[in-house]
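In what follows, every heavy atom counts, from backbone to side chain, and hydrogens, waters and symmetry copies are set aside. Chain identifiers are assigned alphabetically (A, B, ...) following the order of the sequence lines, protein sequences preceding nucleic acid strands; residue numbering begins at 1 within each chain.
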Protein chains: 2
Amino acid sequence: MAAKAGLAMQERSCGLVVIGNEILSGKIHDTNTYFAARELRSIGVALRRIAVVPDELEAIAEEVRYCAQRFEFVLTSGGVGPTHDDITIAGVAAALGRPVVIHPQLEALIRSHFSDKPNKAGLKMAEVPEGAVLIEGGPMIFPTVQVENIYMMPGIPQLFEGKLLALKARFTTDPYFAHAIYTSAGEGTIAALLDACLERFPKLLLGSYPKIGSSEYRVKVTLESKDRDYLESAFRYLLELIPRDVIVKME
Amino acid sequence: MAAKAGLAMQERSCGLVVIGNEILSGKIHDTNTYFAARELRSIGVALRRIAVVPDELEAIAEEVRYCAQRFEFVLTSGGVGPTHDDITIAGVAAALGRPVVIHPQLEALIRSHFSDKPNKAGLKMAEVPEGAVLIEGGPMIFPTVQVENIYMMPGIPQLFEGKLLALKARFTTDPYFAHAIYTSAGEGTIAALLDACLERFPKLLLGSYPKIGSSEYRVKVTLESKDRDYLESAFRYLLELIPRDVIVKME
């Protein structure tokens, strides 16, 4: 069982690139990353990397290129408005070595819904990396712009969340299964037991998270796998290893 | 004034590398990045990049190397405990091409305070990248480990925050000065005015942040500079450009 674990399970990986000086300078407490991390996990996607980069063309392009080459898909957050500091479209285009072009459908949308004589800022909202496609759904009449494996999402939390929820179905894959063990013993005491469990179940996703200031427990140990049988076997094995009297609770 | 702005001001740049599967998988809502972003800004440091990477040696090493080569200093958060998933020390050592060694002072600390016969997990806490130095101060008797321009901080928020506060004095540099203008007009309306302001004050840090669902304002425009005179000039200039009747308030 152990040797084959996970082989049949589909893995989908994702990188998240957050664009915004306002986050790096501490003006805004980003909530999109936590939202995305939970949502992606809930649909079985492995979020492999989050990067927050400034509103600078080369920084955006470099990070997007890095993620697009390594992960199945990439989400970007922020920098898609009409002002000078909104340069995500240009950054993604540069990442792919493509020009920025006006998307006729977006231009028509802007002319019909906002102004039939849009100013420069209005027309900027019609710009996309060449070859981009539009995805309807979610909040706003404005669609999500996708090019290759990159999805450009708005940074405003209500819009980011709504757009991501609207995209979830296309990313959904085999789910993760999970257990947790809470111990009254510290990490130093249980570290060798976790090592022993990993030696037997090398594909197990095993985490150890100490908590200070809690009267309830000292360490939360998490076990995860996409293979339910593998997870259950590892869980039982680790429960045998950890002395009963230090286990506070299980999930 | 404008042409010379900022030349005399000291710039200090920082990269923040957060190590933790628990953040990428959405189990934990990271608060260290927001804390660090605010604190660094308050002491004049430009946080240029935040990356969240998994508990994997190569991912940590690559990101730490990237930041250490580009920024004046690097903070890491997490992965410094005694269990299998704590591999920040090894990752930083790999980033610098150095071996991991036992630091005699840390080993003595562990023997005197925890156990005079530490187990393997206990001794792991004495490991550092070769050439590391120890910095006393902040919560815990355990010092912060520094090697080259890299500071390895614990991930537990209470400890991360305390250790960062203890380090602040060594990073402090010329402060940023800031103004904000809140408008009832949308970004599309004011975008050209912001462009005009930037054309005249190219070194101004100018941000434009739309808010939805607020009855008070639609856009918050932020102006920042380390040069107070430059900031005040730019602020006055932009106030002249934006029609009075769309300005809701100023800071």
Problem set entry | Closest non-hydrogen atom pair, A/Pro82 against B/Gly188 | CG-N, 3.9 Å
Exercise. How about residues 63-71 of chain A versus chain B: which residues have heavy atoms under 4.5 Å apart?
Worked result: A/Glu63, A/Tyr66, A/Arg70
For this session: Under 4.5 Å heavy-atom distance to chain B, tell me which part of A/Leu206 shows up: side chain, backbone, both or neither.
Result: both
Problem set entry | For chain B, the option from A/Ser25, A/Ala192, A/Ala46 that forms the most heavy-atom pairs under 4.5 Å | A/Ser25
Exercise. Based on non-hydrogen pairs under 4.5 Å, which of A/Val45, A/Val18, A/Leu47, A/Ile50 is most in contact with chain B?
Worked result: A/Ile50
Problem set entry | Most chain B-contacting option - heavy-atom pairs closer than 4.5 Å, from A/Pro210, A/Ala121, A/Ser208 | A/Ser208
For this session: Quick one: pull up OG1 in B/Thr33 and OH in A/Tyr34 and give me the separation to the nearest 0.5 Å.
Result: 13.0 Å
For this session: Measure across A/Gly26 and B/Arg38 and return the closest heavy-atom pair with its distance rounded to 0.1 Å.
Result: O-CG, 3.3 Å
Exercise. A/Arg48 versus B/Glu56: any side-chain heavy-atom pair under 4.5 Å?
Worked result: yes
Exercise. For A/Ser42, is it the side chain, the backbone, both or neither that has a heavy atom under 4.5 Å from a heavy atom of chain B?
Worked result: neither
Exercise. Is there side-chain contact between A/Thr222 and B/Glu22, with at least one heavy-atom pair below 4.5 Å?
Worked result: no
Seminar exercise, completed: Ranking B/Val53, B/Val219, B/Asp195 by heavy-atom pairs under 4.5 Å to chain A gives rank one to B/Asp195
Problem set entry | Contacting moiety of B/Leu198, where chain A heavy atoms sit under 4.5 Å | side chain
Seminar exercise, completed: Given A/Lys211, A/Glu62, A/Lys220, the one with more heavy-atom pairs under 4.5 angstrom with chain B than any other is A/Glu62
Exercise. Does A/Lys120 NZ have over 12 foreign heavy atoms under 6.0 Å away?
Worked result: no
Exercise. Is there a side-chain contact between A/Lys27 and B/Glu224 (heavy atoms, below 4.5 Å)?
Worked result: yes
For this session: Keeping the roles fixed (side chain from A/Asn119, backbone from B/Thr189), state whether a donor-acceptor pair exists under 3.5 Å.
Result: no
For this session: Using heavy atoms and a sub-4.5 Å threshold, report which of residues 155-165 of chain B line up against chain A, by residue number.
Result: B/Ile156, B/Gln158, B/Leu159
Exercise. With respect to chain B, which residue among A/His84, A/Met125, A/Arg41 yields the maximal number of heavy-atom pairs within a distance under 4.5 Å?
Worked result: A/His84
Problem set entry | B/Asn21 (side chain) donor-acceptor with A/Gly207 (main chain) under 3.5 angstrom | no
Problem set entry | Heavy-atom pair with the smallest gap, counting every atom of A/Arg49 and B/Leu24 | N-CD2, 3.8 Å
Exercise. Does A/Glu199 CD have over 12 foreign heavy atoms under 6.0 Å away?
Worked result: no
